[in-house]
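Structure first, commentary second.
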Amino acid sequence: MLRSLWRNLPGRRMPLPRFGIGDFRLGRTANDDAGTGVVPLPVRSRDLLRGHGSIEFHGVSKALGLSGKRVPVLQDMNAIFPRGRVVGVLGASGSGKSTLVQLLTGNMRADAGRIVRGMSVSWPTGARDIFRRELTLRKNVRIVSGLYGAWAPDMLEAVKEIGKIRSQDLDRPLSEVPADLVIRGTASLCYALDFDCYIADDLLTGGSKHFRDHFKELFVERKSTHSLIIVTKNIIAYRELCDDIHLLEGGTLRTFANKHDAIQAFKTGDRAKVLD
Amino acid sequence: MDNILVAATKNQVRSLGAVLSATFALRSSRRTLGLIEELGGLIFMAGGMLALRVMTGAPTHHGMPMAPFLLSGLITFWLFRTTVAQVSNLQSAKATFRSNPRITSLDVLLAKAVVNIFIYTCIGATAFAAAYLTGHSPGLERPELVLVLCLLMGVWAFGFGLCLGAVYLYVPSLKVVVGGILHMAMWLSGIMFLWPEVPYMGRWFFAANPLFHFMELLRDAYFEAYRTALGDWQFLLTVVFVTLALGLMLERVVRAKAQEQTQRPQEETDPFTENMV
């Protein structure tokens, strides 16, 4: 009951392919400065990947703003986010990080191209607006659990345990409880729902330092079986957690041979504003 | 393929269930004053009309007691008006659930409409029961038809609201005009009069007014004393389903436009971190 319906789809019962760094091809490589275009996946790999535990971006473009004043944010982006890896995506302000997160979670549709989600994807783990402030934590947990087909009493227990939330706080409207408790509630529920892929937008989670460390430890435990995509401009805090780091620049993703190179490229780039 | 369809259907049902539950909880947990304001308008209007009729010495209308005659029309019209108001806001529909990819704006609008129809049906049932128990109304002649008409009015309001919402995206100032038209529509919907009282020169208008058909059929189903010569189920069903189909299509067509207005690109540079390295 705890798993989302993706688990029951026929494709999910097949053995999942494993990927190394070499297989993880994104839109442009660091050595592809001449702009020769996309590095395409071999057709065989593409068939193997589709719907079997990865998120794929195929020529995805997205522009934002009102018609007539639309600003292209992502342009012909190709990427594969495989299962079982922690991927960091570095980007400066205005580079399209939030748009990428929205596209990854499925909250926004691409203008062009195709996004294939072979995994269940969480909401951004640091999002605070998953819960309604007018309702109690218990009611909120019930509603979100129902949405993802999870058994609400189990989820409530999990939220209490992971977020260290007392029973008496469950029945108070969220507008009357400290913000920290709301953050612990949303993050704990996100973890308890057991998505295949978690998306983090700048912060893995908010709240106190102890809770953030605790939450990070929980993700380290799930590292081998779940995916985590951290889209941020402050990668330093998660540098050790990430298997790969990529750079979001000019509307597309650049890959690098190692994490250090990616961070250096970001720091020395024209628009590097990393908070170190 | 079948499994995917079943899974998608289950997901849709779950989404709708969750949104309904959230919308109902939000509506009922809203400040008490909000509900009083909403019902206040209805009570004020019903009380005023009733007082006017009683003062002029007309406690019945074509054999129908005045209290249920006015209440049935007003509550049904309020159901229409409030549902249209709630559904026609396509831009902010997703705002409540903006971080949740499984919920679409149509889910939210549908949930709002269902909750509103449920609330007004309950208000109607309570008001009719109270009027009956206090001796101001006869029992409902065909309660099932009254219920069907209330639900049908809700469905029509939902479709109509979607159509209006789509138009509002392109002509926002039309909201003011439609607000005025809805006020006029209340007086022309037959809340206070019946088909035999309609002047001959205006009959073409009332014969083409779905609201008037609703009211005529409602009085027919409610009272033994009245049999409508105008109310036409076929006309009403055609109007309701054509409006609903049009509304659903328009909502899908303008969804991207509605979301476009709430998504904006970030600034190229962050003024607060520009000098920090």
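All chains are named by letter (A, B, ...) in the order of the sequence lines, taking the proteins before the strands, and each is independently numbered beginning at 1.
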- Message: What verdict does the side chain to side chain contact (heavy atoms under 4.5 Å, CB included) test give for B:L109 and B:F158, after you've listed the backbone C-alpha separation in whole Å, the side-chain angles of each residue and the deciding distance to 0.1 Å?
- Response: CA-CA 8 Å; B:L109 296 172; B:F158 175 64; 4.3 Å; yes
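- For the pair B:D107 (side chain) and B:L16 (backbone), a donor-acceptor distance under 3.5 Å is absent.
- Of the listed residues A:V144, A:D129, A:T105, A:I130, the one with more heavy-atom pairs under 4.5 angstrom with chain B than any other is A:D129.
- With a 4.5 angstrom heavy-atom cutoff, A:R70 touches chain B only via side-chain atoms.
- Interface remark: of the candidates A:R142, A:E134, A:R132, A:K139, A:R132 forms the most heavy-atom pairs closer than 4.5 Å to chain B.
- Note: A:L135 leads A:L135, A:V101, A:T99 in heavy-atom pairs under 4.5 Å with chain B.
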- Under the side chain to side chain donor-acceptor pair (under 3.5 Å) criterion, do B:T83 and B:N116 qualify, and how do the steps go? CA-CA 6 Å; B:T83 308; B:N116 198 55; 2.8 Å; yes
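- Neither the backbone nor the side chain of B:L20 comes within less than 4.5 Å of any heavy atom in chain A.
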- Task: For the pair B:E251 and B:S105, evaluate side chain to side chain donor-acceptor pair (under 3.5 Å) and give the outcome as yes or no after the intermediate values.
- Result: CA-CA 9 Å; B:E251 192 277 332; B:S105 48; 3.1 Å; yes
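- A centroid separation of less than 6.0 Å is found between the aromatic rings of A:F195 and A:Y148.
- Both the backbone and the side chain of A:L147 come within contact range of chain B, each with at least one heavy atom under 4.5 Å from a heavy atom of that chain.
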